[in-house]
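The next block holds one structure in the form of structure tokens; read it before the comments.
Both ligands and their constituent atoms are indexed starting at 1 by order of listing. Just so you know, these numbers come straight off a predicted model, no measurement behind them.
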Amino acid sequence: MKELVYFIEGDGTGPEIWAAARPVLEAALAKAYAGEHQIEWQELLAGEKAFKETGEMLPAATIDKLKTAKTAIKGPLGTPVGKGFRSLNVTLRQLFDLYACIRPVKYFQGIQSPLKHPELVDMVIFRENTEDLYLGIEFAAQTPESKKLIAFLRDELGVSVDPEAALGIKPMTARGSRRLIRRALQYALERGRPSVTIMHKGNIMKYTEGGFRAWGYALAAEEFAGRCLAEESLEPGTLRIPGKVILKDRIADNLFQQVLVRPAEFSVIAAPNLNGDYISDALAAQVGGLGIAPGMNMSDSLAFFEATHGTAPRMAGKDSANPGSFILSGAMMFEHLGWRKAAELIERAMLRVLAGKRVTTDLARQMDGAATVGCREFGELLGAAL
Ligand code: NAD
């Protein structure tokens with residue numbers, strides 16, 4: 001089977017980590033399936049490379065191809081500060097309605113972690129990508145807009161807000177919440193994961209974050225009856241029921257401490273946009289940082305895999321970036337395509353290379369007695385360890 005996969009190299013370290021990652025992905029596929037499964041790579045232009053070749057950061061040809069694409073993978077894309085164009089990543093998410101950001105967080109033996117038992121961390125975060133305060137609907141303090149809104153709140157809704165306040169709007173819908181939580185539940189059922197935890201701050205924000213929680217439970221009752229059981233209905237302490245998924249919820253601040261002290265109790269986490277943003281990086285730090293954290297963004301038709309870090313401009317062109325996040329995102333893509341064996345080969349190769357303690361600088365800093373290798377060599381070591 002030949003699968004068409006579009007790729008975007010990305011800016012900054014993007015071309016280097018892609019050059020190191022692609023041969024590893026191809027070698028894993030060849031080793032796992034001996035030509036039975038193959039990828040037809042097609043490059044799409046975006047970011048600086050696109051600008052150089054076409055004068056546009058996101059050319060129409062790229063948008064057209066992605067409209068019908070099923071699978072794509074990308075390196076990081078930069079957002080020049082103060083140059084007046086919005087983030088390409090945010091634009092891509094919005095153009096293609098990539099509403100679910102999915103980030104697995106798993107410990108790799110050998111990396112130093114601040115936890116006593118990092119090996120117990122094996123979670124997958126489903127972060128809503130299209131709603132919430134993250135949309136940035138804001139009004140600066142003391143502007144005609146904020147004054148008008150404050151007057152409206154006072155006169156029409158009887159709500160008193162300090163006249164000097166800056167304001168932000170937090171839109172969250174049942175539709176947006178349900179489709180994200182639906183994906184999380186489907187994923188947990190398909191992969192035999194024991195639970196989905198809804199992360200929210202519904203005790204304070206009753207209608208937005210509280211809505212997220214309530215819509216999640218309602219969805220589970222309507223669409224997953226018999227397959228999904230609410231934690232409340234079970235004996236206290238039940239962590240797994242074979243063939244079913246347990247749905248629970250935790251208030252965000254409580255969840256932050258529980259994932260630290262009782263990581264084994266959490267498997268899939270479904271979070272609104274802003275909570276999801278925070279917990280993704282916090283969990284990545286628990287197991288060794290962003291350099292090897294994979295991720296993807298999904299719509300109903302497109303699965304868009306990506307290195308989760310940025311362009312690391314200071315590392316660009318120095319052969320020092322870690323291609324691990326890109327490579328593990330590729331492994332995640334294989335899993336998504338049903339090519340699990342290739343994904344497993346990559347994960348095992350990563351463990352072997354980490355055990356050999358020849359790693360890129362970001363990892364060497366977190367390992368006792370490790371030698372530093374460049375981006376290209378790290379990729380070669382992974383390829384050899386397959
Ligand atoms: P960054 O992720 O580039 O860097 C944060 C830290 O992580 C830095 O210390 C950096 O050296 C390190 N790091 C990043 N990638 C690494 C790698 N492959 N190997 C080892 N260490 C790595 O974040 P930033 O500095 O906030 O952003 C730089 C640019 O990237 C900005 O233009 C930003 O908009 C963009 N960005 C893009 C994405 C994306 O495309 N998904 C995500 C975040 C930031």
May I ask you to establish whether Lys341 and Tyr33 are in a cation-pi arrangement, using a distance under 6.0 Å from NZ or CZ to the six-membered ring centre and at most 45° from the ring axis? yes
Quick check for you: to the nearest 0.5 Å, what is the distance between Gln38 atom CD and Leu4 atom CG? 13.0 Å
Taking the ring of His336 and the ring of Phe305, is the distance between their centroids below 6.0 Å? yes
From Glu222 CD over to Arg182 CZ, what is the distance, rounded to the nearest 0.5 angstrom? 9.0 Å
Phe326 and Trp18 aromatic ring geometry - parallel, tilted or perpendicular at 30°/60° bounds: tilted
Minimum non-hydrogen distance to atom 36 (N) of ligand 1, winning option of Gly310, Pro313, Gly12, Gly324: Gly310
For ligand 1, which atoms have a heavy atom of Pro76 less than 4.0 angstrom away? 40 (O)
I want to know if ligand 1 touches Leu77 in the polar sense, i.e. an N/O pair below 3.5 angstrom. yes
Any side-chain heavy-atom pair of Leu189 and Gln186 under 4.5 Å: no
Regarding ligand 1, does Gly75 bring an N or O atom to under 3.5 Å of one of the ligand's N or O atoms? no
Is the shortest distance from a heavy atom of Lys74 to ligand 1 less than 4.0 Å? yes
Distance under 4.0 Å to a non-hydrogen atom of Met315: what atoms of ligand 1 satisfy this? 11 (O), 20 (C), 21 (N), 22 (C)
I need the Lys248 NZ to Ser267 OG distance, nearest 0.5 Å. 8.5 Å
Please confirm whether Asn89 comes within less than 3.5 Å of ligand 1 when only nitrogen or oxygen atoms on both sides are compared. yes
Thr13 N/O to ligand 1 N/O under 3.5 Å: no
Is any N or O atom of Gly78, backbone or side chain, closer than 3.5 Å to an N or O atom of ligand 1? no
Determine whether the side chain, the backbone, both or neither of Thr311 has a heavy atom under 4.0 Å from any heavy atom of ligand 1. both
Kindly confirm or rule out a cation-pi arrangement of Arg193 over Tyr187, judged by NZ or CZ under 6.0 Å from the six-membered ring centre and within 45° of its axis? no
Short list, please: which atoms of ligand 1 are under 4.0 Å from a heavy atom of Asn322? 17 (C), 18 (N), 19 (N), 20 (C)
If you count the atoms of ligand 1 from 1 in the order shown, which ones are under 4.0 Å from a heavy atom of Ala321? 18 (N), 19 (N)
